[in-house]
4 protein chains.
Amino acid sequence: MSGLGKVAGDQLAAVVERIERIEEEIRELAEGKKEIYQEAKGNGFDVKILREVIRVRKQDPKERDEQESLLDVYLQAIKGSSKVAKAA
Amino acid sequence: MSGLGKVAGDQLAAVVERIERIEEEIRELAEGKKEIYQEAKGNGFDVKILREVIRVRKQDPKERDEQESLLDVYLQAIKGSSKVAKAA
Amino acid sequence: MSGLGKVAGDQLAAVVERIERIEEEIRELAEGKKEIYQEAKGNGFDVKILREVIRVRKQDPKERDEQESLLDVYLQAIKGSSKVAKAA
Amino acid sequence: MSGLGKVAGDQLAAVVERIERIEEEIRELAEGKKEIYQEAKGNGFDVKILREVIRVRKQDPKERDEQESLLDVYLQAIKGSSKVAKAA
DNA sequence: CACTGGAAAATGCCGC
DNA sequence: GCGGCATTTTCCAGTG
C-alpha cells in the first residue's frame, strides 16, 4: 500500500462495501420481480400490458388525464396540419 | 363474457400487488444508497469519483475475462476461417 | 503480429471497419434526432408527449386499439377483484 | 380555442416528419449492419465473437483513461478527506 | 432551470 | 416458440 491514510482508507472501504451490499440486494429484488412477471406470463397474462398497468397506477389519475389530453391535442394538430385550417 | 373472470381478476390483483411491493422495497434501498453517498460526501469524499470507483469495480471482473488481450479475441474470431478466407 | 493469415486478417479488419463506420453514422443520426427534440422543446413542445406521438404513429391503429382495450380489461379486473363477483 | 393553432400544428407536423425520417435512416443503417454480420458469418466468422471484438474496441479507449490503475482512482477519491478522516 | 450522466425499463434479436 | 442477451430508449437525480 502506498499513499492512503489508514483511517481514510478504512472509511473508503466501508463506504464502498455498504454501497455494493445494497446494490446486491437491489439486484436480487429486481430478479424476483422478473420472476413474478414470468410466472404471470405462464398464467396467461400479457406481460407488456401488465407492465403498463403498473406504470399507469404509479402516476396519479389527474396527471394521467392531462397527458392523455395533450397527446390527443398533438395528434389532432398533426392530422389537421396543411389540410384544413379548421375553426379554432 | 366481458373482461376477466373473478379468479383471473384476483390473480391479476395479486400479481400487481406483489410487484408493487417489490418496487417499493427497491425504492427504499435506493434511498438508502443515496444517503450513504451523502454521508460520504459529508466526510469529504468526492461523490462523483466514488461512483466511478463502484463502477470500475463492477466492470473489473468482466473485463479481465473478456479482454485477455485483444489479440486473443482476434485469434478466436478467426478460428475456422482460414479456408474460407482464401476463397475471398 | 503473430498468428493470423494475412487474408483472414485483412478480411476481419475490413468487416470491423465497415461495422464501426456504420455505427458511427448511426450515432450521428441519433445525435441529430436529439437536437430536433431539443429544438422542438425550445419551441414550446412537450418532449415527452412528442415521443409518445412518434410511438403511437409507429404502431398501426388496430393493434393500438387492442392494447388499449386489454389495458382497460386489466384495470377493471383489478378494481373489481375480491369485491363484487360481477355477472360474467 | 381548443388545440394548437394552425402554425403550431404545422410546426409540430414538421418536427414529427423530420424525426420519422431520421429514424427510418437509422433503421436502414441498422439493417445494413445486420447484413454485414451475416455476410461475415457466411465467410466463417463467429458472429458472437465478432460482436465482442467490436464491443471491446469500443470500451478500450474509455478504460485506458479511466482505469489507469485503480489505485489512482482511490487516491483521488481520498483527496481532501484526510482531515475529516481523523474526525471519524 | 437547463444539461449531463447514470440507472432502470423496454424492445428486438439471437440461438436453442 | 421461448428464454436469454444485447441494444436502445426512457427516466430521473445531481450539477453548473
Side-chain angles (χ1 to χ4, degrees), chain A residues 19-20 22-42 44 46-56 58-59 63 67, chain B residues 19-20 22-27 29-38 40-41 45-56 58-59 62 66, chain C residues 19 22-23 26-27 29-31 33-35 37-44 46-56 58-59 63 67, chain D residues 19 22-23 26-27 29-31 33-38 40-41 46-56 58-59 62 66:
Chain A
I19 290 173
E20 290 182 342
I22 287 192
E23 292 194 338
E24 176 57 24
E25 292 179 51
I26 289 177
R27 245 187 306 281
E28 279 160 20
L29 286 172
E31 190 57 31
K33 197 170 80 168
K34 234 191 302 188
E35 280 165 27
I36 295 180
Y37 274 116
Q38 289 318 335
E39 183 190 324
K41 182 180 185 173
D46 182 320
V47 173
K48 187 175 172 179
I49 305 290
L50 198 43
R51 287 183 194 281
E52 205 172 338
V53 169
I54 301 285
R55 194 162 1 107
V56 167
K58 239 184 290 211
Q59 61 185 181
E63 189 187 355
Q67 292 205 349
Chain B
I19 291 173
E20 290 182 342
I22 288 193
E23 293 195 337
E24 176 56 25
E25 293 179 50
I26 289 177
R27 243 187 307 280
L29 286 173
E31 190 56 30
K33 195 169 84 169
K34 227 188 312 183
E35 279 165 27
I36 295 180
Y37 274 115
Q38 288 319 325
K41 183 178 186 173
F45 290 101
D46 181 321
V47 173
K48 185 180 168 141
I49 299 200
L50 200 44
R51 286 184 194 280
E52 204 178 328
V53 170
I54 300 285
R55 179 160 45 87
V56 169
K58 225 180 313 205
Q59 294 181 344
K62 261 190 273 184
E66 92 190 355
Chain C
I19 291 173
I22 288 193
E23 293 194 337
I26 289 177
R27 245 187 306 281
L29 286 172
E31 190 56 31
K33 196 170 80 167
K34 231 191 302 188
E35 279 165 28
Y37 274 115
Q38 289 319 334
E39 183 190 324
K41 181 179 185 175
N43 287 335
D46 182 319
V47 172
K48 188 175 173 180
I49 305 291
L50 197 43
R51 287 183 194 282
E52 206 172 339
V53 169
I54 301 284
R55 191 162 5 106
V56 167
K58 239 184 292 213
Q59 62 186 178
E63 189 187 354
Q67 292 205 351
Chain D
I19 291 173
I22 287 193
E23 292 195 337
I26 289 177
R27 242 187 308 280
L29 286 172
E31 190 57 30
K33 194 170 85 169
K34 230 189 307 185
E35 279 166 27
I36 295 179
Y37 274 115
Q38 288 318 324
K41 183 179 185 173
D46 181 321
V47 172
K48 184 179 166 141
I49 299 200
L50 200 44
R51 286 183 194 281
E52 204 178 329
V53 170
I54 300 286
R55 180 160 41 88
V56 169
K58 223 178 319 205
Q59 294 181 344
K62 260 190 273 182
E66 94 190 353

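No experiment lies behind these values; they were computed from the predicted model shown.
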A:Gln67 CD to F:dT10 P, straight-line distance once rounded to whole Å: 14 Å
Student check: side-chain heavy atoms of A:Glu25 and B:Glu25 closer than 4.5 Å: no
Shortest non-hydrogen contact from B:Tyr37 toward B:Val47: O-CG2, 3.8 Å
From CA spacing to verdict: side chain to side chain contact (heavy atoms under 4.5 Å, CB included), C:Glu52, C:Arg55: CA-CA 5 Å; C:Glu52 206 172 339; C:Arg55 191 162 5 106; 3.8 Å; yes
Rounded interatomic separation in angstrom, taking CD from C:Glu31 and P from E:dC3: 13 Å
Spacing between B:Leu50 atom CG and F:dT15 atom P, to the nearest angstrom: 12 Å
Heavy-atom pair with the smallest gap, counting every atom of C:Leu29 and D:Ile22: O-CG2, 3.7 Å
Atom pair distance, as rounded to whole Å: CZ in C:Arg27 and P in F:dT7: 12 Å
Spacing of D:Leu29 atom CG relative to F:dT8 atom P, expressed in whole Å: 12 Å
Could you run down the sub-3.5 Å N/O contacts of the protein with nucleotides 6-16 of chain E?
| unit_1 | atom_1 | unit_2 | atom_2 | d |
| --- | --- | --- | --- | --- |
| E:dA9 | OP1 | A:Lys33 | NZ | 2.8 |
| E:dA10 | OP2 | A:Arg51 | NH1 | 2.9 |
| E:dC13 | OP1 | D:Lys34 | NZ | 3.4 |
| E:dG15 | OP1 | D:Lys41 | NZ | 3.2 |

Residue pair A:Glu20 / A:Arg27: nearest heavy atoms and the distance that separates them: O-NH2, 4.5 Å
Pairwise side-chain contact, B:Lys41 with B:Gln38, heavy-atom cut-off 4.5 Å (strictly under): yes
Spacing of C:Asp46 atom CG relative to F:dC11 atom P, expressed in whole Å: 11 Å
